[in-house]
Amino acid sequence: AGFLTMVLAYFGVRLPDTVCEVFLMIGDTASPLSMLVIGSSLAAIPVSKVFRGWRTYAFSGIRLLVVPAIVYTLFSLFIENPVILGVVVLVSAMPCAATTVMFAQQYDCHEDYAAKHVFITTLLSIITIPIIGFLLYL
C-alpha cells in the first residue's frame with residue numbers, strides 16, 4: 001500500500017473524493033480500536049498487579065525523562081531553531097505507542113506486560129510532558 005501510494009503521488013494520480021473519504025474513515029478508527037485492545041488487555045490484569053513492579057516504573061522513567069534528555073543533548077548540537085528542537089524533544093517524551101500491545105497480542109508475547117507499560121507511561125506522561133515542555137522554554 002505504501003509503495004502504491006508513492007507511485008500514485010509521483011505520477012500525480014488523484015483518487016476520487018469518495019475513495020479518499022473511505023480511507024480516511026478507516027484510518028480514523030485506528031485510535032479507538034487500539035484503545036479497545038489495550039482496555040481488553042488491561043481488564044484481564046488484576047488492578048493490584050497493574051501498579052506493581054519496579055521495572056515498569058524504571059522503564060517509564062527512562063522512556064519519559066531520560067530519553068528526552070538524551071535527545072535534547074544530541075539534537076541541540078544540530079538543530080538551532082528552538083521550536084523544531086522542542087517538537088523533537090516532546091515527541092521523544094511521548095508514552096509508549098498503543099501498537100506495542102497489538103504487536104504483543106499478534107505475536108502472542110506478554111500482552112499484559114505491554115498493556116501495563118502503555119497504561120503506566122500514559123498515566124505518568126500527564127505529569128512529565130508539561131514538565132519537559134516547561135524546561136524546554138526556560
Side-chain angles (χ1 to χ4, degrees):
F3 180 72
L4 179 62
T5 303
M6 288 189 301
V7 169
L8 292 175
Y10 180 75
F11 289 110
V13 176
R14 181 136 165 85
L15 295 174
D17 288 339
T18 308
V19 174
C20 291
E21 194 171 318
V22 168
F23 287 139
L24 285 173
M25 287 171 49
I26 291 171
D28 288 344
T29 63
S31 293
L33 289 176
S34 66
M35 295 300 124
L36 284 172
V37 169
I38 293 170
S40 67
S41 299
L42 281 172
I45 308 170
V47 175
S48 61
K49 285 188 177 182
V50 171
F51 294 101
R52 196 179 323 155
W54 65 271
R55 286 187 175 114
T56 303
Y57 294 101
F59 171 81
S60 298
I62 291 168
R63 175 78 181 105
L64 299 172
L65 297 171
V66 175
V67 168
I70 292 170
V71 167
Y72 178 81
T73 303
L74 292 176
F75 280 79
S76 62
L77 300 173
F78 306 105
I79 301 174
E80 293 179 11
N81 187 326
V83 174
I84 295 173
L85 180 62
V87 169
V88 170
V89 172
L90 282 175
V91 166
S92 73
M94 293 295 138
C96 295
T99 54
T100 55
V101 179
M102 289 183 271
F103 281 127
Q105 187 178 45
Q106 181 178 355
Y107 294 107
D108 202 25
C109 183
H110 303 291
E111 174 187 346
D112 56 340
Y113 195 65
K116 181 175 151 178
H117 278 282
V118 170
F119 177 71
I120 295 295
T121 57
T122 302
L123 197 62
L124 292 175
S125 72
I126 295 170
I127 299 165
T128 59
I129 290 173
I131 290 170
I132 289 173
F134 176 75
L135 291 174
L136 281 171
Y137 296 104
L138 276 179

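- The side chain to side chain contact (heavy atoms under 4.5 Å, CB included) search around L74 returns I70, not counting sequence neighbours.
- Both M6 and L8 belong to a common hydrophobic cluster when Ile, Leu, Val, Met, Phe, Trp and Tyr are linked at side-chain heavy-atom distances under 4.5 angstrom.
- When the salt bridge (Lys or Arg N to Asp or Glu O under 4.0 Å) test is applied to R14, the partners found at least two apart in sequence or on another chain are D17.
- Scanning both residues, V19 and L15, for their nearest heavy atoms gives CG1-CD1, 4.1 Å.
- Under the side chain to side chain contact (heavy atoms under 4.5 Å, CB included) criterion, V83 pairs with N81, not counting sequence neighbours.
- Under the side-chain hydrogen bond (donor to acceptor under 3.5 Å, both in side chains) criterion, no residue pair touches residues 57-68, with sequence neighbours excluded.
- Expressed to the nearest 0.5 Å, how far CD of Q105 lies from OG of S40 amounts to 6.0 Å.
- Around the CD atom of Q106, the shell of radius 6.0 Å holds more than 12 heavy atoms that belong to other residues, nucleotides or ligands.
- Contact record, L64 with L124: CD1-CB, 3.7 Å, taken as the closest heavy-atom pair.
- The structure places CD1 of I62 at 10.0 Å from CG of L65, a figure rounded to the nearest 0.5 Å.
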What side-chain donor-acceptor pairs closer than 3.5 Å can you find for residues 42-52, not counting sequence neighbours?
{"from": "S48", "atom 1": "OG", "to": "R52", "atom 2": "NH2", "distance (Å)": "3.3"}

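- When hydrophobic residues (I, L, V, M, F, W, Y) are linked wherever their side-chain heavy atoms come within less than 4.5 Å, Y113 remains an isolated member.
- Under the 4.5 Å side-chain contact rule for hydrophobic residues, V87 and L85 do not share a cluster.
- Counting all heavy atoms, side chain and backbone alike, T122 lies closest to S125 at O-OG, 2.7 Å.
- Using a 4.5 Å cut-off between side-chain heavy atoms of Ile, Leu, Val, Met, Phe, Trp and Tyr, with links allowed through other members, L33 and M25 fall into different hydrophobic clusters.
- Partners of Y72 by side chain to side chain donor-acceptor pair (under 3.5 Å), not counting sequence neighbours: none found.
- Not counting sequence neighbours, D108 has no partner by the salt bridge (Lys or Arg N to Asp or Glu O under 4.0 Å) test.
- Under the ring-ring contact (aromatic ring centres under 6.0 Å, His included) criterion, F59 pairs with H117, not counting sequence neighbours.
- Here I26 sits in one hydrophobic cluster together with V22; the rule is ILVMFWY side chains under 4.5 Å apart, joined directly or through other members.
- Placement of L36 and F119 in two distinct hydrophobic clusters is found when ILVMFWY residues are connected by side-chain heavy-atom separations under 4.5 Å, directly or transitively.
- At most 12 heavy atoms of other shown residues, nucleotides or ligands fall within 6.0 angstrom of atom OH in Y10.
- Nearest heavy atoms, I38 versus V118: CD1-CG1, 3.6 Å.
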With a 3.5 Å cut-off and sequence neighbours excluded, list the donor-acceptor pairs that the side chains of residues 91-103 form with protein atoms.
{"from": "S92", "atom 1": "OG", "to": "V89", "atom 2": "O", "distance (Å)": "2.6"}
{"from": "T100", "atom 1": "OG1", "to": "A97", "atom 2": "O", "distance (Å)": "2.7"}

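- With sequence neighbours left out, the side chain to side chain contact (heavy atoms under 4.5 Å, CB included) criterion links F11 to V7, V13.
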